[in-house]
Amino acid sequence: MVTLSICSGRRRGHVTINSLHSPLTTPRDRIYFCTRPRHGEVFPVPRSRFVTPESTTVSQTRTLANAAIGSGIAPFFPVSSQPAGFYLPVHIFLFLFKLPFFITVTTTYFLFLQWFPLGSLVKKAILWMILGIPGIWWIDLQIDGVKKGSLAKKHEGRVPEPSNVIASSFTSPIDSLYLAAIFDPIFTVSYPHTRQVEYTSLFGAILRALSKPQEYPSKGAKMTDLKTLLEEHPNRCIVVFPECTTTNGRGILPFSPSLLTTQPRTKIFPISLRYSPTDIMTPVPGQYWSFIWNLLSQPTHCIRVRIAEVVYNTSKPTDAAVEKKDKYLTNFLDTLGEDSAMTSSSDTLTSLSDQPADVNADEKRILDKVGEALARLGRVKRVGLTVKDKAAFVEAWSKRRR
């Protein structure tokens with residue numbers, strides 16, 4: 001387990017990564033990150049400048065570095081905004097001007113209008129109004145295999161349609177809002193240790209981008225799989241966030257095996273979403289007010305949308321023991337709330353699925369293909385950091401802010 005803490009004394013302003021449970025390291029092993037005092041931004045120090053205590057070797061420290069930050073990539077650090085300077089009064093005016101319209105339209109839709117049978121086109125129009133109020137109307141769309149300017153002629157099979165699956169990057173609450181305004185899909189929540197997913201609404205998907213990372217489903221969660229959802233909703237496409245938690249767009253996390261429950265003929269579309277300015281990304285949970293400020297105080301925002309070529313799940317079915325474990329997990333969650341004499345959900349789930357879901361070589365190849373597509377579209381690298389690592393980072397980051 002890798003934990004984060006803040007140095008004090010001579011190393012004030014530096015972040016220390018302590019590996020307390022690794023057989024290769026001791027509690028004194030540490031890797032320093034330099035911090036810019038004015039803005040509080042944290043940047044990795046090159047490996048040549050790693051601080052290596054006398055009790056550890058260089059190879060041990062580098063092993064810890066690879067486990068903690070991958071190839072010098074830090075996908076969980078918050079994205080800072082550019083200093084407003086003399087334009088601060090303009091930003092304040094834009095925020096105060098847009099806020100009443102944004103609150104009125106958003107609350108009206110999510111509290112009332114979404115429950116009425118208004119039709120897909122009307123709901124999409126309202127969602128585009130919600131996007132337009134903050135100034136999100138610049139969309140840079142590019143599709144693999146389609147030249148710019150010829151999208152209207154060669155879009156057959158190039159964009160998601162009903163009964164397709166969208167494997168989207170996950171960086172901001174705007175991800176779900178934009179996908180809903182374009183495709184009117186069904187949103188799901190994936191977890192690292194199970195192939196099943198949890199159905200959620202658009203509002204739930206938006207809140208998910210601002211919530212703490214979760215390794216396991218909550219108590220009483222109703223789990224299903226993508227195959228079942230596609231059979232129940234043949235006229236809708238399904239959105240999956242396979243990274244399971246948000247990042248700052250600087251890396252692609254390991255995927256949940258939930259994509260492996262699709263049929264071989266089901267099309268999987270990797271879609272990468274990036275934003276400019278980047279400060280509306282929410283890698284750290286709980287940044288509600290800063291997200292609203294960054295969203296409404298800017299004149300405009302641009303979304304960079306990249307759609308990769310279709311990926312098919314051609315892997316062979318997994319071992320029956322894995323399916324049995326997933327079904328047992330679902331049944332256990334359903335009955336957990338009914339029996340008060342049982343142990344807590346966190347203790348039981350940890351003992352039940354502490355290891356990652358079993359994935360054979362053929363299935364891993366499919367997940368790698370989707371992950372490589374997202375990394376290529378986003379012009380980033382894949383990292384080995386998991387949801388568990390982000391939870392440890394968030395805990396340390398919260399202590400730093402206190």
> For the pair R208 and E198, find out whether any cationic side-chain nitrogen is under 4.0 Å from an anionic carboxylate oxygen.
no

> Report the residues that fulfil salt bridge (charged side-chain N to carboxylate O under 4.0 Å, His left out) with R365, sequence neighbours left out, ordered by chain and then residue number.
D362

> Can you tell me how far apart CD (E309) and CD1 (I268) are? Round to the nearest 0.5 Å.
14.5 Å

> So which pairs with a foot in residues 233-249 pass side-chain hydrogen bond (donor to acceptor under 3.5 Å, both in side chains), sequence neighbours left out?
T245-K390, T246-K390

> Would you say that P134 contacts I174 through its side chain, given a criterion of any heavy-atom pair below 4.5 Å between the two side chains?
no

> Side-chain contact test, heavy atoms from C-beta onward, threshold under 4.5 Å: evaluate it for P217 versus M223 and give yes or no.
yes

> With a 3.5 Å cut-off and no angle check, do the side chains of D175 and S172 form a donor-acceptor pair?
no

> Answer yes or no: does atom CG of L121 have more than 12 heavy-atom neighbours from other residues, nucleotides or ligands under 6.0 Å?
no

> Looking at CD1 of I238 and CG of L230, how far apart are the two atoms once the value is rounded to the nearest 0.5 Å?
5.0 Å

> Taking C-beta and beyond as the side chain, do V239 and F183 meet within less than 4.5 Å on heavy atoms?
no

> Measure the spacing between CG of L273 and CG of L374 and express it to the nearest 0.5 Å.
9.5 Å

> Among residues two or more places apart or on two chains, list those pairs meeting salt bridge (charged side-chain N to carboxylate O under 4.0 Å, His left out) that have a residue in residues 282-308.
D140-R306

